[in-house]
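Everything numeric in this text was worked out from a predicted model, so none of it was measured.
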Amino acid sequence: MSFTKINIYYGGRGLIEDPTIYVLNKMAEVLKELRVEVKRYNIFEDKNAIATLPSTLKDADGVILATTVEWFGIGGYMQQFLDMCWLYADKQELSSKYMLPVVMATTYGERDAELNLVKAWETLGGIPITGLVAYVENLEEFEQNESYTQIIEKKVETLYRSISQKTQSLPTSNLAVKTSLLKTRTIELTPQESEQLSKFVSDESYVKQQKEDIEELSAMFKQMLSSSVSGENETAEENYSNGGNNSGNRQGAAAGKKDSANEKDQNDDKTFHAAGREQSIDAAEDVLVGKFIKNYRPDSDFTASYAIIISDKDLILHLEATPEHVKAFYAATDEADVILRTTTQVLDKILEGKNTFQKGFMAGEISAKGNFKTLRMLDSIFPFSER
């Protein structure tokens, strides 16, 4: 025999003189007498993880939303919890959840607060029942009033009967408005994905890292834009000033090609000295290793490891960069500071200077996992596009 489960979400500040706490304690006593499993969540204690609280709704048969009106409205904690329910809760699960609103007020506004809770729960798709509301001027007198205690007990019993008998409610316009007008401006996620996302949102270190990455992205795009504009201006000036020296330029280019060929001959020995290979590779892959070694530009304060998964070749190219040198080799593992996945075609464009790692990542041609700042350094230490 499975027990009925009721979750209590308390949105007050946890003050000793808060009348809502007294009411909730009395409700919990009655529910336990009815053999109901009660779980209470004090939102003020879980304020750093409010985004994960909606996941606790899925195991409950009924819900009590309790808050205190101290000056205006339902209060910040309860509002945040309802916001997270709208963003991350499984709406299909909520459609069968009964909710009893409990609002105690030390000032004017308990009826308005109850109405807000009811409207919010209806919009989420749940089933609200008539709430328990009161204005409490003197807590001691309120606690000692037997009539008030009986009202509280009867209200709890009403919630229990509604859940046990699966009491139906008449349709409301709130649900129709939600279906036709209210749309969350987010990507469509499964309940499992929403729950996972709520965990990320509540993780302060993850959120901080994401903000830093966004700032770095913005700075990178600004730099790319300014470099593009200045590069166009420099090219125009150079073409204008060297308009009559085309023949000289051609001679210089020919000499440059000759020097490049000599340099290639001198570096042929580097091309085929990629250490630690665990897979058989052909000459093309060996040349790929050589290009990374040849075009390495070390940074005096930078050390990192990269694993580039070449999906169409089923190979993993490793790059270990230090201030002194770089090691390039193939291995069966993908353990590294940054892991990238791409194809031979995309990689060839980068090696030819027609693309960069950052542009490939932004275009979705490269997927990456790891520190974004370390990923950005790839184009600095391997400046293929500057050739």
Would you say the side-chain atoms of Asp18 and Tyr10 include a donor-acceptor pair closer than 3.5 Å?
-> yes
| query | Can you find a side-chain donor-acceptor pair between Asn145 and Glu141 that sits under 3.5 Å? | reply | no
Output for pair (Asp334 CG, Ile316 CD1), nearest 0.5 Å, gives 5.0 Å
Taking the six-membered ring for Trp, are Phe292 and Phe384 parallel (under 30°), tilted (30 to 60°) or perpendicular (over 60°)? perpendicular
CZ (Phe329) and CD (Glu320) are apart, to the nearest 0.5 Å, by 4.0 Å
Item checked: Test item: side-chain donor near acceptor, Arg40 and Asn25, under 3.5 Å -> yes
Electrostatic pair Glu29:Lys26 at N-O distance under 4.0 angstrom: yes
Original post:
Do the side-chain N and O atoms of Thr56 and Tyr9 include a donor-acceptor pair separated by under 3.5 angstrom?
Top reply: yes
Side chain His318, main chain Lys327, donor-acceptor under 3.5 Å: no
Discussion item. Side chains of Thr343 and Ser311: any donor to acceptor distance under 3.5 Å?
Written reply: no
dist Leu124:CG -> Trp86:CH2 (nearest 0.5 Å) comes out at 7.0 Å
- Query: So with a 6.0 Å cut-off around OH of Tyr148, is the heavy-atom count from everything else above 12?
  - Reply: no
Indicate the ring-plane relationship of Tyr296 and Phe382, choosing parallel, tilted or perpendicular according to the 30° and 60° boundaries. tilted
Using a 3.5 Å distance criterion without hydrogens, assess whether the side chain of Thr68 forms a donor-acceptor pair with backbone atoms of Ala105.
no
Asp312 and Thr344: side-chain donor and acceptor closer than 3.5 Å? yes
Kindly indicate whether the side chain of Ile64, heavy atoms from C-beta on, has any atom under 4.5 Å from the side chain of Asn7. no
Taken to the nearest 0.5 Å, the spacing of Lys97 NZ from Leu57 CG works out to 7.0 Å
Name every donor-acceptor pair, under 3.5 Å, that has one atom in a side chain of residues 158-170 and the other anywhere in the protein, sequence neighbours excluded.
unit_1	atom_1	unit_2	atom_2	d
Thr158	OG1	Lys154	O	2.9
Ser162	OG	Thr158	O	2.9
Ser164	OG	Tyr160	O	2.9
Gln168	NE2	Lys166	O	3.3

